[in-house]
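Since we're looking at a predicted model, the values are computed, not measured. Only heavy atoms go into these numbers, but all of them, side chains included; no hydrogens, no water, no symmetry mates.
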Amino acid sequence: MMLGLDVIFDPIANALNNHSARLVMTIVRAILFVGSWLVPKKKTSGSLKPKSFSIGAMIALGFTTSLLEVATALPYFAAIGILTSNHLAFYE
């Protein structure tokens, strides 16, 4: 994130920040949305299924996943915030 990617992303963002580019992106999004309903579903045999479908098991899974993700992601986001707030050049 800090390796000068803004040098690449700024021209792309400027090119996509006009009316015609937004119109094209809206049309592509609409086509993809409609197309997502028309794609036939594949029938897979032997797919893995969870052992428990209970509400309590799903809540426990979601809570545990959220707790682990937040615990590992917060220091990462804090470090990125500190580095970007210092306005370092890409070579630093």
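At least one donor-acceptor pair closer than 3.5 Å links the side chain of Thr72 to the backbone N or O of Glu69. Put simply, the side chain of Asn17 never gets that close to the backbone of Ala13: no donor and acceptor are under 3.5 Å apart. Proximity of a side-chain donor or acceptor of Thr65 to a complementary backbone N or O of Gly62 within less than 3.5 Å is not detected.
Taken from OG in Ser36 to CZ in Phe33, the straight-line distance is 5.5 Å, to the nearest 0.5 Å. Annotation: the span from Leu61 atom CG to Ser66 atom OG amounts to 9.0 Å, rounded to 0.5 Å. In this structure, CD1 in Ile82 is found 14.0 Å from CZ in Phe77, a value given to the nearest 0.5 Å. Between the CG atom in Asp10 and the CD1 atom in Ile12 there is a gap of 9.5 Å [rounded to 0.5 Å].
In Ile55, the CD1 atom is not crowded: 12 or fewer heavy atoms of neighbouring residues, nucleotides or ligands sit closer than 6.0 Å.
Note: the hydrophobic cluster containing Leu23 also contains Ile31 (ILVMFWY, side chain heavy atoms under 4.5 Å, direct or indirect links).
Among all heavy-atom pairs drawn from Ala15 and Ala21, the shortest one is O-CB, 3.9 Å.
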